[in-house]
Amino acid sequence: MPAHRTRPAPRQERFAVLDPATGEPFDEAPDQRPDELDAIVARAHEAWRGWRADPAARTAALLAAADAVAAAEADLAPLLTREQGKPLAESAAEVARTAARMRYFARLDAGPRPIADGRPVRSEIRWRSLGPVAAIVPWNFPLQLASAKFAPALAAGNTMILKPSPFTPLSTRLLGSVLSAALPEDVLTIVTGHEPLGARLASHPGIRHVTFTGSVATGRAVAGGAAASLARVTLELGGNDAAVLLEDVDVERIADRLFWAAFRNCGQICMAVKRVYAPARLYSDVVEALAQRARTAVVGAGLDPDTQLGPVSNAPQLARVERYTARALADGGRAAAGGRRLDRPGYFHAPTILADVPADSPVVTEEQFGPVLPVLPYRDLDEAVEAANSTGFGLGGSVWGTDADLAETVAGRLECGTAWVNHHAELSLAQPFAGIKESGVGVAGGPWGLYGNLRPFVVHRLDGES
């Protein structure tokens, strides 16, 4: 009788990860199969039983994990730059923000709350966790957006399965390894791979909450998948933020802030300035001030300490930027600066300021998500506000002027979730972050982010009974 032989485990497939500064592969990540999720979700459900039971232990573990992340900055930041493209200083800031968010949520309290309603009943709201949570994270801020999802979810007592973009899996996997030293096994699991892995995760019947950041189209698909099991969804989708400049604006004073509000991270920020509306009499001055900064910005590999703007993060996104720019020029616009891909290896595009672009050009009406900024003139402030609001998006917006009170009044007319005066795209960990219209469903950030990962449980007791 032949001896029993153990069948070897199937070899796990892997996929290449490219450096956007060269366009060449530099490492690989596991391409996990959708059918692996059943076991992963089951383990997350089992880990949830213990994780939800001890709030003090959760707080201690999350604070220890935050310290571990901060201590690993020297390893995490260069890897993030290598796979995403952003300057190293911005990657280091992203690591620091990741640790800070973990500390913030670890210290939030969702304790019981009494209900005073005049009845002879003592009523109390207690908060319970949901169970395993799925998070799907894009490539523009892989670590920061991952922590925006796992920090409140874990602090609330849930467990999580986190899927990063296949363009930026490595720094997230390293983050997971760093966190594993402080967190119990299976409380946070990182899975990497191509579709349909994300779709299967969003629709898995063992998942009780799906949180997603990305495009509107994919967000709709995620919501549809989650609907099968009636899982809760939080969707942070696109933006087409407008900056409205008032007649009294000091162009030179605000030009640097305005430029970097549009071009930081190579314009790959959902709440970056994506359109500028300038008074007609100042239009040429605004275009030239922004163009001068675009022409002098240092574009290069993120690991070069002199770099201010890195490459576009991946080939499909570079193609999108090129397409929108070419269409704007074909529509009659002109490039006051840039307007083209740079002739070098990698995914580099010149910082571009577009003038004289028709208001219905896609670079104005849609989200370009890259280093391209159209500037449009207006003759009447009501016209500018109407134009700023004439979009399916509603994430953020800003108003710029010397009279800050007037600017704040105008900002109150913008149809968006967050409005800034004389600055843009700055968020506190304690504030809610949410869009309207097609920019999202649900709220992230602050206590709202924590309670979005909890459900209320109400206990009633008759007064006077022992």
Side-chain angles (χ1 to χ4, degrees), residues 8-20 23-45 47 76 79-80 82-85 132-150 153 159-180 183 185-215 217-226 228-229 231 233-236 313-317:
R11 181 179 180 274
Q12 188 173 47
E13 295 297 325
R14 302 181 69 82
F15 62 93
V17 180
L18 277 57
D19 182 340
E24 298 296 328
F26 76 97
D27 207 337
E28 293 182 333
D31 198 2
Q32 292 175 265
R33 303 186 312 275
D35 61 13
E36 296 179 59
L37 291 174
D38 290 343
I40 291 171
V41 173
R43 291 195 298 270
H45 191 277
L76 285 165
L79 183 58
L80 175 56
R82 190 80 188 276
E83 67 176 352
Q84 200 277 339
V133 174
I136 301 173
V137 179
W139 44 260
N140 57 330
F141 286 93
L143 304 187
Q144 188 167 314
L145 290 173
S147 68
K149 299 182 184 308
F150 72 70
T159 54
M160 174 170 280
I161 297 100
L162 171 68
K163 181 192 174 298
S165 164
F167 290 116
T168 53
L170 301 176
S171 58
T172 309
R173 282 175 53 81
L174 179 57
L175 176 66
S177 296
V178 171
L179 295 172
S180 68
L183 299 178
E185 189 174 9
D186 298 320
V187 164
L188 175 65
T189 305
I190 313 295
V191 296
T192 59
H194 293 89
E195 288 305 313
L197 183 66
R200 172 59 178 157
L201 179 60
S203 62
H204 196 284
I207 295 295
R208 302 315 312 145
H209 179 198
V210 181
T211 173
F212 167 81
T213 299
S215 71
T218 306
R220 287 196 178 102
V222 166
S229 58
V233 294
T234 301
L235 305 176
E236 300 172 43
S313 192
N314 54 75
Q317 189 58 33

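- Identified under the salt bridge (Lys or Arg N to Asp or Glu O under 4.0 Å) test for residues 135-146, with sequence neighbours left out: none.
- Here the OG1 atom belonging to T218 is positioned 9.0 Å from the CD1 atom belonging to I136, to the nearest 0.5 angstrom.
- Shown here are the salt bridge (Lys or Arg N to Asp or Glu O under 4.0 Å) partners of K149, two or more places apart in sequence or in another chain: E236.
- Residue pairs meeting the side-chain hydrogen bond (donor to acceptor under 3.5 Å, both in side chains) criterion with at least one partner in residues 185-198, sequence neighbours excluded, are absent.
- Under the side-chain hydrogen bond (donor to acceptor under 3.5 Å, both in side chains) criterion, the residue pairs touching residues 164-176 are E83-S171, with sequence neighbours excluded.
- Residues meeting the salt bridge (Lys or Arg N to Asp or Glu O under 4.0 Å) test with E24, sequence neighbours left out: none.
- Rounding to the nearest 0.5 Å places CG of L170 at 12.5 Å from CG of L175.
- Here the NE2 atom belonging to H45 is positioned 16.0 Å from the CD1 atom belonging to I40, to the nearest 0.5 angstrom.
- Rounding to the nearest 0.5 angstrom, the gap separating the CD1 atom in I190 from the NZ atom in K163 is 11.5 Å.
- Atom CG of N140 sits about 5.5 Å away from atom CG of L145, to the nearest 0.5 Å.
- Under the side-chain hydrogen bond (donor to acceptor under 3.5 Å, both in side chains) criterion, R200 pairs with D38, sequence neighbours left out.
- The structure places CG of L188 at 6.0 Å from CZ of F150, a figure rounded to the nearest 0.5 Å.
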